[in-house]
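The structure under discussion appears below in the form of structure tokens.
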2 protein chains.
Amino acid sequence: MLSKKTKYALHALTYLGKHRESKTVLIHDIAEEHGISHKFLENILLELKKAGLLGSKKGKGGGYYLIKEPKDIPLSKVIRLLDGPIALLPCVSINYYEPCAECKSEAACGIKKVMAEVRDETLKILENKTLEDILTNE
Amino acid sequence: MLSKKTKYALHALTYLGKHRESKTVLIHDIAEEHGISHKFLENILLELKKAGLLGSKKGKGGGYYLIKEPKDIPLSKVIRLLDGPIALLPCVSINYYEPCAECKSEAACGIKKVMAEVRDETLKILENKTLEDILTNE
DNA sequence: TATAAACCCTATTTATTTTATAGACTTTAT
DNA sequence: ATAAAGTCTATAAAATAAATAGGGTTTATA
């Protein structure tokens with residue numbers, strides 16, 4: 001399951017996607033719309049900004065805005081950013097690789113082999129679904 | 001990512017699958033093979049038994065054994081059992097449905113719609129990969 | 001029939017991760 | 001100047017996962 005962080009990030013991105021005609025959107029408005037803690041959301045938006053998905057304007061009249069096309073924001077990107085690996089095991093993660101402590105030989109591990117396939121197929125799904133798909137369903 | 005519980009369950013099932021010629025296998029042997037806590041694994045095997053994947057024999061000379069064909073044990077089953085939902089959001093979970101607190105209208109939620117599609121496609125993958133696939137790769 | 005081996009069951013503790021909060025700082029429009 | 005808004009880092013609280021503990025029951029076998 002996705003963490004609340006990722007879920008809230010998706011809500012925020014959706015909200016921003018729906019308000020692209022406004023120059024900026026307030027954290028406050030997004031938080032209120034979904035009854036999310038303002039401060040918690042603040043951290044999330046900051047991460048999205050650092051990752052290059054959002055831009056922001058400081059000071060009075062400021063706020064956040066999307067700087068990518070919705071079609072260029074795949075679920076895989078958002079999930080990796082806030083939740084980490086998409087692979088089901090660390091030993092088959094592309095971006096967060098780590099060996100499994102209990103594994104004797106990675107080369108001979110059938111679980112690893114199968115999980116690498118699962119990862120490839122899962123990635124296909126999550127790279128193909130984008131914010132645009134969410135927006136067209138709203 | 002999978003929890004250690006699920007990961008250990010897969011290791012145990014693999015071990016049992018490799019030793020189907022023996023009548024029974026000791027928790028001890030599986031735990032030792034992978035350096036897993038005996039007691040932790042005990043709980044896991046008990047769950048697998050209650051779910052109908054394993055049989056056991058009590059008392060001296062006892063142990064566990066597979067009671068299903070490896071091809072009839074899909075990853076989806078093991079994951080659901082120990083980790084819970086396969087869906088990325090509670091509101092699209094088949095077996096563990098719960099509404100999302102921050103969602104105003106499930107019917108109009110684009111995130112939900114997309115996540116339901118992700119769930120369907122993910123399920124296809126995890127229902128198709130079975131213990132047999134793991135065993136043939138060992 | 002006593003004994004030791006092995007699984008069964010429930011509860012509790014410990015560790016880790018996630019979620020949430022706090023507060024001081026910086027920028028900017030008016 | 002002032003107030004509005006994002007930036008940043010740290011900490012606290014809550015939830016979940018991982019591990020441990022210990023007594024109970026069953027069974028082979030000497």
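All figures in this text were calculated on a predicted structure; none of them were measured in a lab.
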Check your understanding: Looking only at heavy atoms, what is the nearest atom pair of B/Arg20 and B/Leu66, with distance?
Key ->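 Between these two residues, the closest heavy atoms are CD-CD1, 4.0 Å.
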
Review point. What heavy-atom pair brings B/Met1 and A/Leu89 nearest, and what distance separates the two atoms?
Key: SD-C, 3.9 Å

Just the atom pairs and distances: protein N or O near nucleotides 24-26 of chain D's N or O, under 3.5 Å.
residue: D/dT26; atom: O2; partner: B/Gly59; partner atom: N; Å: 3.4

Practice item. Could you note down all residue pairs passing side-chain hydrogen bond (donor to acceptor under 3.5 Å, both in side chains) where residues 77-99 of chain A supplies at least one of them, sequence neighbours left out? Key: A/Ser3-A/Asp83, A/Thr6-A/Asp83, A/Tyr97-A/Glu106

Hey, are the side chains of [X] and [Y] touching, using non-hydrogen atoms and a 4.5 Å cut-off?
X: B/Lys18; Y: B/Leu135; value: yes
X: B/Leu48; Y: B/Leu45; value: yes
X: A/Leu88; Y: B/Leu75; value: no
X: B/Leu2; Y: A/Met115; value: yes
X: A/Cys91; Y: A/Pro99; value: no
X: B/Pro70; Y: B/Thr130; value: no
X: B/Lys104; Y: A/Glu33; value: yes

I need the residues from [range] with at least one non-hydrogen atom less than 4.0 Å from DNA chain C; give them sorted by number, or say none.
range: residues 83-103 of chain B; result: none
range: residues 46-55 of chain B; result: B/Leu46, B/Lys49, B/Lys50
range: residues 9-23 of chain A; result: none

Point to revise | Salt-bridge criterion met for B/Glu121 and B/Lys124 (N-O under 4.0 Å) | key: no

Check your understanding: Which pairs with one or both residues in residues 2-24 of chain B pass ring-ring contact (aromatic ring centres under 6.0 Å, His included), sequence neighbours excluded?
Key -> B/Tyr8-B/Phe40, B/His11-B/His34, B/Tyr15-B/His19

Please report, rounded to the nearest Å, how far the [atom2] atom of [N] is from the [atom1] atom of [X].
X: B/Met1; N: D/dA17; atom1: CE; atom2: C1'; result: 14 Å
X: A/Leu41; N: D/dT7; atom1: CG; atom2: C1'; result: 14 Å
X: A/Asn43; N: D/dA10; atom1: CG; atom2: P; result: 13 Å
X: B/Glu42; N: D/dG22; atom1: CD; atom2: C1'; result: 11 Å
X: A/Phe40; N: D/dA14; atom1: CZ; atom2: P; result: 15 Å
X: B/Ile44; N: D/dT20; atom1: CD1; atom2: P; result: 12 Å
X: A/Asp29; N: D/dG6; atom1: CG; atom2: P; result: 9 Å
X: A/Leu26; N: D/dT7; atom1: CG; atom2: P; result: 12 Å

Exercise for review: With a 4.0 angstrom cut-off to heavy atoms of chain B, pull out the first and last contacting nucleotide of DNA chain C, in 5'-to-3' order.
Suggested key: C/dA5 to C/dT10

Review point. With nearest nucleotides of DNA chain C determined for A/His38 and A/Gly61 from heavy-atom distances, which residue corresponds to the more 5′ nucleotide?
Key: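 Nearest-nucleotide comparison on DNA chain C picks A/His38.
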
Check your understanding: Would you say the side chains of B/Lys57 and B/Thr24 form a donor-acceptor pair under 3.5 Å?
Key -> no

**Study point:** Pair A/Ser56-A/Lys49, side-chain donor/acceptor within less than 3.5 Å
**Key:** yes

Exercise for review: Test side chain to side chain contact (heavy atoms under 4.5 Å, CB included) on A/Leu13 and A/Val78 and set out the steps.
Suggested key: CA-CA 10 Å; A/Leu13 288 167; A/Val78 183; 3.7 Å; yes

Check your understanding: B/Lys58: what forms a side-chain contact (heavy atoms from CB on, under 4.5 Å) with it, not counting sequence neighbours?
Key ->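 Counting only residues at least two positions away or on another chain, B/Lys58 forms no side-chain contact (heavy atoms from CB on, under 4.5 Å).
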
**Study point:** Those residues that, when tested against B/Asn128, pass side-chain contact (heavy atoms from CB on, under 4.5 Å) (two or more places apart)
**Key:** none

Review point. When we call it a touch if two heavy atoms are under 4.0 Å apart, what does A/Lys39 touch: a base, just sugar-phosphate, or nothing?
Key: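 Base, at least one base heavy atom under 4.0 Å.
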
Practice item. Give A/Leu45 one of three labels, base, sugar-phosphate or nothing, depending on what nucleic acid heavy atoms sit under 4.0 Å from its own. Key: nothing

Point to revise | A/Glu47: salt bridge (Lys or Arg N to Asp or Glu O under 4.0 Å) partners, not counting sequence neighbours | key: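 Partners of A/Glu47 under the salt bridge (Lys or Arg N to Asp or Glu O under 4.0 Å) test: A/Lys5.
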
Review point. For A/Tyr65, what are the other residues in its hydrophobic cluster, where any two members join if their side-chain heavy atoms are less than 4.5 angstrom apart?
Key: A/Ile67

Review point. If we fit an axis to the first five pairs and another to the last five of the helix from C/dT1-D/dA30 to C/dT30-D/dA1, what angle do they make, to the nearest 10°?
Key: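 End-to-end axis angle: 0°.
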
